[in-house]
Trainee: 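To start, I am sharing the structure in question, which I have written as structure tokens.
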Amino acid sequence: MPDGYDEEGGVNQEKRFAVALERYIDSKDGDKMNLFAEQEAWEDHQINKATLKFGSKNKKQSDDYNFVFEDQIEFIQEQVMGGVDVDEEEERERSIAKSAHEKLLADRKTLPVYPYRESLLKAVEDHQVLIIVGETGSGKTTQIPQYLHEAGYTKRGMIGCTQPRRVAAMSVAARVSQEMNVKLGHEVGYAIRFEDCTCEKTVIKYLTDGMLLREFLGEPDLKSYSVVMVDEAHERTLSTDLLFGLLKQIARFRPDIKLLISSATLDAEKFSDYFDCAPIFRIPGRRFPVEINYTKVPEADYLDAAIVTALQIHVNEPAGDGDILVFLTGQEEIETAQEILKQRTHGLGSKIPELVICPIYANLPTELQAKVFEATPQGARKVVLATNIAETSLTIDGIKYVIDPGFVKMNFYDPRTGMESLKIIPISKASANQRAGRSGRTGPGKCFRLYTAYTYYNELDDNSVPEIQRTNLANVVLSLTSLGIDDLLTFDFMDPPPSEAVLKALELLFALGALNKYGELTKVGRKMAEFPLDPMLSKMIVASDKYKCSDEIITIAAMLSIENSVFYRPKNKQVHADNARLNFYTGNVGDHVALLNVYNLWKETNFSAQWCYDNYIQLRSMKQGRDIRDQLKGIVERVEIELVSNSGDLDAIYKCITSGYFSHSAKLQKNGCYRSVKHPQTVYIHPSSGLCEALPRWVVYHELVLTTKEYVRQVSEIKPEWLVEIAPHYYELKDVEDLGSKKLPRGKGRASKL
DNA sequence: GAGCACTGC
């Protein structure tokens, strides 16, 4: 293994990156960089974009110090978001505590929630459901479960506390286990996907909301819990929204269970109304006041306005008094902003203090994300260019100024077309306040909103559209049905999803054979519900029992579930990367089998990292695929699907895929585009597909996304007669009648290997 | 010949 390299990351990571960086710099001179060094240094093309701009000499000579002042944006200070001061006496008390554990215990008493301990316990005793409004820093997440434990609630069952994110569940559990002086995983534990850190002794359990939802499926009355606390409920994830409905329902026949719903101020009344006027218990937070500024007039170009504002803050406010956080919508915007900021500050030279630019977004490699958390050098100022990741998922210390252009990129699903698309839309008031609050964590903050006060008050929605109203519901409907909820159109959702989306999901589940004509779960549906996958993928796996190729199919299902592409394609090595990728397509196979080949070849090398580098494959994605595959393998055994391999019979594999994806069939048209068979719509094969040039006559596809065109991604060729054979309830012979190849483009539409 | 908000099971 090359020096400085550590497969599992961790201790060697820093060294490893330094080594790679050196090689990268060397290669810039000699242009004889080997692939390994390249991938180490890049991991993907974003690394280059993010930090390495050697030799970029594009200084803007004309820009000088005055520039910043010429282009000023006028702000109006409108309001101050109140804060609660930190009690210095308590701080002192805490610091003189003796042992580490004593200090922890003293710490507990300084939290804003502590004075409310008795009244809170009384409220829980008197009411089955309680809405808790606890601002950030109140200590609610760590303390309330402990108070309830101390009061004896754990004698009747566990206290479960849900979190929207895995890291939160893990770190909060770790903290509480320290405070209680117990080993993590014993009395205090956590459960997240792929990792159950609990045992029979566990009485306080932190878990992701999605995990509790899974537990519901196995234990519909949650009898092992005496208390469930849904934390960060205002985030309205798909899972919390489902938990609301389910918890509200079990509260009726389980008078002994206590529910705590913890939410932010803005929508506490809404939560209370939903839970039959449950009382609202308010706990102050520990946040500093934030000054809110709006622009005088609307800004047409928010990216430019954000950059100008950042520079304005930088030169007008004393250096070293706090860093700047700018909210942008995506990677490309962040890269552009970074480039412009670099040019302009370069132009100002030594006239201004140093400005350290830190991009951060989810797809940025972890070692580069770490840069955001490094201390700002003396006399310099940091400007963090972030996506929405900085709104909730991570907290950066030292931020005093927030610049909020007021936009976010959000995914929407159109149930009518079955198409997904990412749209840039204005944020909500709740989101704007959350962003502003990011500036008041370590001291008084200032927020600059790049929109007018009028816009804030009159044009922004109070809250964002909850996820449940803008997503494909196929999996939700299957899960709820398996919990015995048969009438989803009247189910008590806090915000019901569009009925069109529910009907579309029911229609699909019926077509897949998961539901019968009475809307009841079938044997097939029951098996499908066990898989944490989209129902079309689950069906594909269930069908693999019949075609005797479950081993291959769970690999394909796992590979299709990976978040990012497994194919690594750095910008300056695209030709090499594309050539390497072709190896996985030998035999003119589709994208599904290509993914299968990638996994199997990797497995043959005993999951070698070097192999990934040699073949332009992203190691991290592959590891994720392996984890998912292992989980699917366990479920396949549990639902008694025989795990068998039949790698020689590709038709069996394609038929399995068709069993899940027959509704995603498309037929080649004269002009090289495709038309979906049942709901006529013109689509195109995505250029990243191995079949985008072969253009087979009939295909099934995994997903349909709207970007610059209506693209289908992950495509395989099928025989049209399979559609009638596999889904006779869905297709008639006339649907798949072939008009012959004469009308097709020359050389295209051949039934390649079939 | 193209585009990557953010989570989660």
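Both backbone and side-chain heavy atoms feed into the values below; hydrogens, waters and symmetry mates do not. Numbered from 1 within each chain, the chains take letters A, B, ... in sequence-line order. Every value quoted in this text rests on a predicted model; they were computed, and no experiment measured them.
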Trainee: Parallel under 30°, tilted from 30 to 60°, perpendicular over 60°: which one fits the rings of H592(A) and H702(A)?
Mentor: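 Geometry flag for H702(A) against H592(A): perpendicular rings.
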Trainee: Round to a whole Å and report the spacing from CG of D534(A) to P of dC9(B).
Mentor: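 Whole-Å distance recorded here is 17 Å.
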Trainee: Whole-Å distance between dC9(B) C1' and I628(A) CD1?
Mentor: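 Distance, rounded to whole Å: 10 Å.
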Trainee: Given dA5(B), dA2(B), dC6(B), identify the nucleotide with an atom nearest to the side chain of N411(A).
Mentor: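 Out of dA5(B), dA2(B), dC6(B), the nucleotide with an atom closest to N411(A)'s side chain is dA5(B).
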Trainee: Rounded to whole Å, please give me the gap between CG in L704(A) and P in dA2(B).
Mentor: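 Answer to the nearest Å: 17 Å.
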Trainee: Indicate syn or anti for dC6(B), taking the glycosidic torsion and treating anything within 90° of 0 as syn.
Mentor: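 This nucleotide is in anti.
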Trainee: Starting at atom CD of Q369(A), determine the distance to atom C1' of dA5(B), rounded to an integer number of angstrom.
Mentor: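 These atoms are roughly 14 Å apart.
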Trainee: Which one, dC9(B), dG1(B), dC6(B), comes nearest to the side chain of T387(A)?
Mentor: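 Side chain of T387(A) sits closest to dC6(B).
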Trainee: Can you see whether F327(A) has R435(A) sitting over its ring - NZ or CZ less than 6.0 Å from the centre and within 45° of the normal?
Mentor: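 That pair qualifies as a cation-pi contact.
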Trainee: Could you check how far CD1 of I334(A) sits from P of dC4(B), rounded to whole Å?
Mentor: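 Distance check: I334(A) CD1 to dC4(B) P gives 14 Å.
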Trainee: Salt bridge (Lys or Arg N to Asp or Glu O under 4.0 Å) with R236(A): which of D267(A), D209(A), D241(A)?
Mentor: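 That would be D241(A); it is the only one of D267(A), D209(A), D241(A) passing the salt bridge (Lys or Arg N to Asp or Glu O under 4.0 Å) with R236(A).
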Trainee: Mind checking if N388(A) touches a base, just sugar-phosphate, or nothing, with heavy atoms under 4.0 Å?
Mentor: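 Touches nothing.
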Trainee: Looking at dA2(B), dC6(B), dC9(B), which one has an atom nearest to any side-chain atom of R166(A)?
Mentor: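 Nucleotide nearest to R166(A)'s side chain: dC9(B).
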Trainee: Ignoring the backbone of E467(A), work out which of dC9(B), dT7(B), dA5(B) is nearest its side chain.
Mentor: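 My answer, after comparing the listed nucleotides, is dT7(B).
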Trainee: Measuring from the side chain of T708(A) (C-beta onward, heavy atoms only), which nucleotide among dC9(B), dG3(B), dC6(B) has the closest atom?
Mentor: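 Of the options given, the side chain of T708(A) lies nearest dG3(B).
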Trainee: Whole Å only: how far is the CG atom of D231(A) from the P atom of dG8(B)?
Mentor: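 Rounding to the nearest Å, CG of D231(A) and P of dG8(B) are 15 Å apart.
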Trainee: Below the 4.0 Å mark, does dG3(B) have OP1 or OP2 next to a side-chain nitrogen or oxygen of S688(A)?
Mentor: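 Indeed not, no polar side-chain atom of S688(A) lies that close.
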Trainee: Would you indicate which nucleotide in dC9(B), dA5(B), dA2(B) comes nearest to any side-chain atom of R569(A)?
Mentor: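 Looking only at side-chain atoms, R569(A) lies closest to dA2(B).
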Trainee: If you check every side-chain atom of R193(A), which of dA5(B), dC9(B), dA2(B) has the closest atom?
Mentor: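 Side chain of R193(A) sits closest to dC9(B).
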Trainee: Checking all strands, does I192(A) fall into the base, sugar-phosphate, or nothing category for heavy-atom contacts under 4.0 angstrom?
Mentor: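 If one applies the 4.0 Å heavy-atom cut-off, I192(A) turns out to touch the sugar-phosphate alone, with no base involved.
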Trainee: Can you figure out which of dC9(B), dT7(B), dG3(B) approaches the side chain of Y711(A) most closely?
Mentor: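 Comparing dC9(B), dT7(B), dG3(B) against the side chain of Y711(A), the answer is dG3(B).
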Trainee: Please report the distance, rounded to the nearest Å, between CD in E420(A) and C1' in dC6(B).
Mentor: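 Value for this atom pair: 13 Å.
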Trainee: Could you state the atom-to-atom distance from CG of L533(A) to P of dC9(B) in whole Å?
Mentor: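 From L533(A) CG to dC9(B) P: 13 Å.
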Trainee: Considering only side-chain heavy atoms of T707(A), which listed nucleotide, dC9(B), dG1(B), dG3(B), is closest?
Mentor: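 In terms of side-chain proximity for T707(A), the closest of dC9(B), dG1(B), dG3(B) is dG3(B).
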Trainee: Quick one: do the Y225(A) and E219(A) side chains pair a donor with an acceptor below 3.5 Å?
Mentor: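 No, because no side-chain N or O of Y225(A) sits under 3.5 Å from a partner of the opposite role on E219(A).
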Trainee: Among dC9(B), dG1(B), dT7(B), find the nucleotide with the atom closest to the side chain of S393(A).
Mentor: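 It is dT7(B).
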Trainee: Given ring pair (Phe, Tyr, Trp, His ring centres under 6.0 Å), test F567(A) with Y616(A) step by step and report yes or no.
Mentor: CA-CA 6 Å; F567(A) 297 109; Y616(A) 290 86; over 10 Å; no
Trainee: Map P532(A) and L422(A) onto DNA chain B by nearest heavy atom, then report which one ends up closer to the 5' terminus.
Mentor: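 Going by which nucleotide is closer to the 5' end, it is L422(A).
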Trainee: Describe, in one word, how the ring planes of F493(A) and F491(A) are oriented to each other, choosing from parallel (under 30°), tilted (30 to 60°) and perpendicular (over 60°).
Mentor: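 Perpendicular, since the angle between the ring planes exceeds 60°.
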